[in-house]
Amino acid sequence: QVQLAESGGGLVQAGDSLRLTCTASRRFYTSAVVAWFRQAPGKEREFVALTRSFSRTTYADAVKGRFTISALTGSNTIYLQMNNLKPEDTAVYYCAHSSSYGLNAQSYNTWGQGTQVTVSS
């Protein structure tokens, strides 16, 4: 089973940018679905973005136009570029892997340990 590790989180100010990286223990299969979720204190884990087959992408409405998920075909790395960050983006961000498409956390069977993103106003 693939293992995932996130990096790139930190403390930034509103309007700043961050790039998160999800590194897998092996190359992702071409058919893989890799997603980013986030969880703020006291809230449920929520979908942020996903990429399917290294090309098709889906975004949550809250991040459309600000976040971009990307990867090189056949690589073991997925990125989440986050621009124009807002205080409400503050959360622990998780990378997740699945063999099938899904927007809820239950669809994913492999998770990283998470990386904290804090956006100050």
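For clarity, every value in this text was computed on a predicted model and none was experimentally measured. Below, each value reflects all heavy atoms present in this structure, side chains not excepted, and no hydrogens, waters or symmetry copies.
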Hey, is CD on Gln3 packed in by over 12 heavy atoms from elsewhere, all under 6.0 Å?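 12 or below, so no.
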Is it the case that atom OH in Tyr29 sees more than 12 heavy atoms from other parts of the structure closer than 6.0 Å? no
Is there a side-chain contact between Asn104 and Glu46, using heavy atoms and a 4.5 Å cut-off?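 No; the side chains remain at least 4.5 Å from each other.
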Considering only heavy atoms from C-beta outward, does the side chain of Val48 approach that of Phe67 to under 4.5 Å? yes
Between Gln116 and Thr118, does any side-chain donor sit less than 3.5 Å from a side-chain acceptor? yes
So, Thr110 and Gln1: side-chain donor and acceptor under 3.5 Å apart, yes or no?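 Per modelled atom types, Thr110 and Gln1 side chains form a pair under 3.5 Å.
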Can you tell me how far apart [atom1] ([X]) and [atom2] ([Y]) are? Round to the nearest 0.5 Å.
| X | Y | atom1 | atom2 | value |
| --- | --- | --- | --- | --- |
| Arg52 | Thr30 | CZ | OG1 | 14.5 Å |
| Ile78 | Glu6 | CD1 | CD | 12.0 Å |
| Asn84 | Arg66 | CG | CZ | 6.0 Å |
| Leu50 | Leu103 | CG | CG | 6.0 Å |
| Tyr79 | Thr23 | OH | OG1 | 7.0 Å |
| Phe47 | Tyr59 | CZ | OH | 9.0 Å |

Hydrophobic clustering (ILVMFWY, side-chain heavy atoms < 4.5 Å, transitive) - are Val117 and Val63 grouped together? yes
Under 4.5 Å between side-chain heavy atoms, hopping through other hydrophobics if needed: is there a path connecting Val33 to Phe54?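 Per the 4.5 Å side-chain linkage, Val33 and Phe54 are not co-clustered.
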So which atom in [X] and which in [Y] form the shortest heavy-atom distance, rounded to 0.1 Å?
| X | Y | value |
| --- | --- | --- |
| Gly114 | Val92 | CA-CG1, 3.8 Å |
| Asn76 | Arg26 | CB-O, 3.3 Å |
| Leu18 | Gly8 | CD2-O, 3.7 Å |
| Trp36 | Cys22 | CZ2-CB, 3.5 Å |
| Ala5 | Gln113 | CA-OE1, 3.6 Å |
| Leu4 | His97 | CD1-N, 3.8 Å |

Exactly one of Leu80, Thr58, Val34 should register a side chain to side chain contact (heavy atoms under 4.5 Å, CB included) with Thr51. Which one does?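 Option passing the side chain to side chain contact (heavy atoms under 4.5 Å, CB included) with Thr51: Val34.
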Residues Thr115, Leu20; criterion side chain to side chain contact (heavy atoms under 4.5 Å, CB included); working and verdict: CA-CA 8 Å; Thr115 185; Leu20 304 184; 4.0 Å; yes
Side-chain (Tyr108) to main-chain (Gly102) donor-acceptor, under 3.5 angstrom: yes
Against the six-membered ring of Tyr94, is Arg45 placed for a cation-pi contact (under 6.0 Å from the centre, within 45° of the normal)?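 Yes; both conditions hold, so Arg45 lies above the ring face of Tyr94.
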For residues 40-78, which residue pairs pass the disulfide bond (SG atoms under 2.5 Å apart) check, not counting sequence neighbours? none
Can Asp89 and Lys86 be counted as an ion pair, charged N to O under 4.0 angstrom? no
Set of residues satisfying salt bridge (Lys or Arg N to Asp or Glu O under 4.0 Å) with respect to Lys43, sequence neighbours excluded: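 Per chain and number, Lys43 pairs via salt bridge (Lys or Arg N to Asp or Glu O under 4.0 Å) with no residue.
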With side chain to side chain contact (heavy atoms under 4.5 Å, CB included) as the test, would you mind laying out the steps for Ser75 and Arg27 before giving the verdict? CA-CA 5 Å; Ser75 76; Arg27 290 180 179 181; over 6 Å; no
